[in-house]
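Read through the structure below, which is laid out as structure tokens, and then see the notes.
Note that ligands are numbered from 1 as they come in the structure, with each ligand's atoms numbered from 1 the same way.
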Amino acid sequence: MSIDYAAFRRELEEFARKSCPPEIRAVVAAGQKVTKREYQAWQKILNARGWGAPGWPREAGGTGWDIKQRLVFEEVMAQNDCPPLYHHGLGHIGPVIIRFGTPEQKARFLPRILDGSDWYCQGYSEPGSGSDLASLQTSARRDGDEYVINGQKIWTSHAHEANMIYMLVRTSKEAKKQDGISLLLVPMDARGVTVRPIRSIDGWHHLNEVFFDEVRVRADNLLGEEGKGWTCAKYLLERERLPPANVARLELLRRQVTRVVDDAAQAAAGRRDFSTLRHKLLQCEADVKGARVLMAHATDDLIQQRPLGVQPSVIKMICGECAQRLTTIALDAVGPQAAHRFLADAGEDVPSATWIQNYMFTRSRTIAGGTAEVQRNVIANELLGAA
Ligand SMILES: Cc1cc2nc3c(=O)[nH]c(=O)nc-3n(C[C@H](O)[C@H](O)[C@H](O)COP(=O)(O)OP(=O)(O)OC[C@H]3O[C@@H](n4cnc5c(N)ncnc54)[C@H](O)[C@@H]3O)c2cc1C
């Protein structure tokens with residue numbers, strides 16, 4: 001059956017306008033942080049419409065949409081200031097459960113991601129194990145029907161809000177470092193889990209340290225085979241660097257920054273020249289369009305189960321660097337007032353302070369999920385061959 005994409009687009013536009021609460025759209029339009037409550041509310045609305053997981057196959061509760069439908073969905077949602085999909089459940093661990101989970105695990109975990117009941121965070125990095133992730137030390141020993149976890153994770157985004165963590169643990173020390181790793185799903189309210197906040201330069205609280213002290217978890221919360229978690233971790237990392245939402249978020253950011261520049265130009269009433277900023281904005285617009293084309297190719301490869309090669313690294317780098325350039329433009333448009341208000345009103349809801357926060361937050365876009373240097377290594381090794 002052929003798909004009428006124009007009718008599909010109209011259906012999405014009407015849905016976005018009517019169903020996404022105006023107060024949530026206002027937060028997105030202003031470039032402010034979307035809260036867990038807002039993400040969850042939007043996820044419930046999407047799920048009730050059957051669109052909770054645009055990227056999942058139909059048999060797992062997804063839409064089963066083709067690539068073009070998914071791209072149209074992301075485009076329309078961004079154009080209407082709807083929040084991007086919350087990535088940890090839908091984009092990261094969900095696809096891993098679909099690929100490596102048992103039928104029982106799929107039935108237990110997937111519906112709760114779809115309706116927003118389970119809110120995951122990612123426990124990969126440890127002090128001393130970031131780029132060299134396979135050196136991680138947090139341990140899990142088997143004890144009857146349970147694993148017992150000890151160790152520490154760091155830089156765990158949203159751990160203070162999550163009720164579940166997917167985490168890499170070492171279940172064996174004898175093997176080569178990649179071989180003794182396993183992937184566990186752990187409830188954050190398990191006895192022995194402690195979360196400690198890390199305040200970041202942007203003034204928001206999203207980062208944490210998470211400590212595990214004799215934490216017991218059901219053995220059937222192990223995804224894939226014991227000791228083979230590195231395969232799951234790589235599968236997840238490839239998708240983490242390639243979430244469809246990455247490009248959608250970038251498009252959203254471009255629209256927000258365009259609005260900031262327009263507003264600043266209007267307020268300046270001809271007293272400042274905005275032509276250089278507008279030129280930089282156009283260059284970003286071209287990059288966003290390029291990223292969208294690359295993303296379409298990569299998504300096609302994902303669906304056809306072809307190797308992704310360097311695509312995740314290239315797209316991650318383009319999105320991260322372009323996001324940094326966009327927030328720099330926003331800051332240039334707002335001017336020194338942003339810094340003044342940020343310092344004076346830290347924590348308060350001041351629109352121009354939002355842009356200094358966004359500027360600072362996007363500095364982390366070339367670190368989180370694998371640093372830009374490491375991505376360049378991946379690209380160089382793949383294209384030029386390992387040294
Ligand atoms: C905002 C933010 C959110 C994050 N969220 C999470 C999360 O939710 N869960 C999670 O598990 N982790 C998270 N992280 C951690 C992130 O994945 C790590 O910071 C990242 O992988 C880098 O590791 P590291 O900080 O230990 O730095 P290191 O690996 O110590 O690197 C330090 C410096 O050395 C460079 N370097 C390292 N190795 C090489 C190499 N081989 N060649 C060239 N240069 C190299 C790096 O590029 C970097 O500049 C987050 C980080 C940030 C900033």
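By the 3.5 Å distance cut-off applied to N or O atoms, D132 is not counted among the residues near ligand 1. Polar contact check, T156 against ligand 1: no nitrogen or oxygen pair lies under 3.5 Å apart.
Under a 4.5 Å side-chain heavy-atom criterion applied to ILVMFWY residues, the cluster that includes F361 comprises W204 as well.
Heavy-atom proximity to S364, at under 4.0 Å, picks out these atoms of ligand 1: 1 (C), 53 (C).
Taking the six-membered ring where the residue is Trp, H158 and H160 present parallel rings, their angle staying beneath 30° rather than reaching 60°.
Contact annotation for atom 32 (C) of ligand 1: protein absent (non-hydrogen atoms, distance under 4.0 Å). Atom 40 (C) of ligand 1 lies below 4.0 Å from at least one non-hydrogen atom of the protein.
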Side-chain polar contacts of residues 12-23 - donor-acceptor pairs under 3.5 angstrom, sequence neighbours left out - could you list them?
{"residue": "E14", "atom": "OE2", "partner": "K18", "partner atom": "NZ", "Å": "2.7"}
{"residue": "S19", "atom": "OG", "partner": "F15", "partner atom": "O", "Å": "3.1"}

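Open room surrounds NE2 on H297; 12 or fewer heavy atoms of other groups in view lie less than 6.0 Å from it.
Contact annotation for T371 and ligand 1: only side-chain heavy atoms (C-beta onward) come within less than 4.0 Å of the ligand. Contacts between L207 and ligand 1, counted as non-hydrogen atom pairs separated by less than 4.0 Å, involve the side chain only.
Heavy-atom distances between G369 and ligand 1 reach below 4.0 Å in at least one pair.
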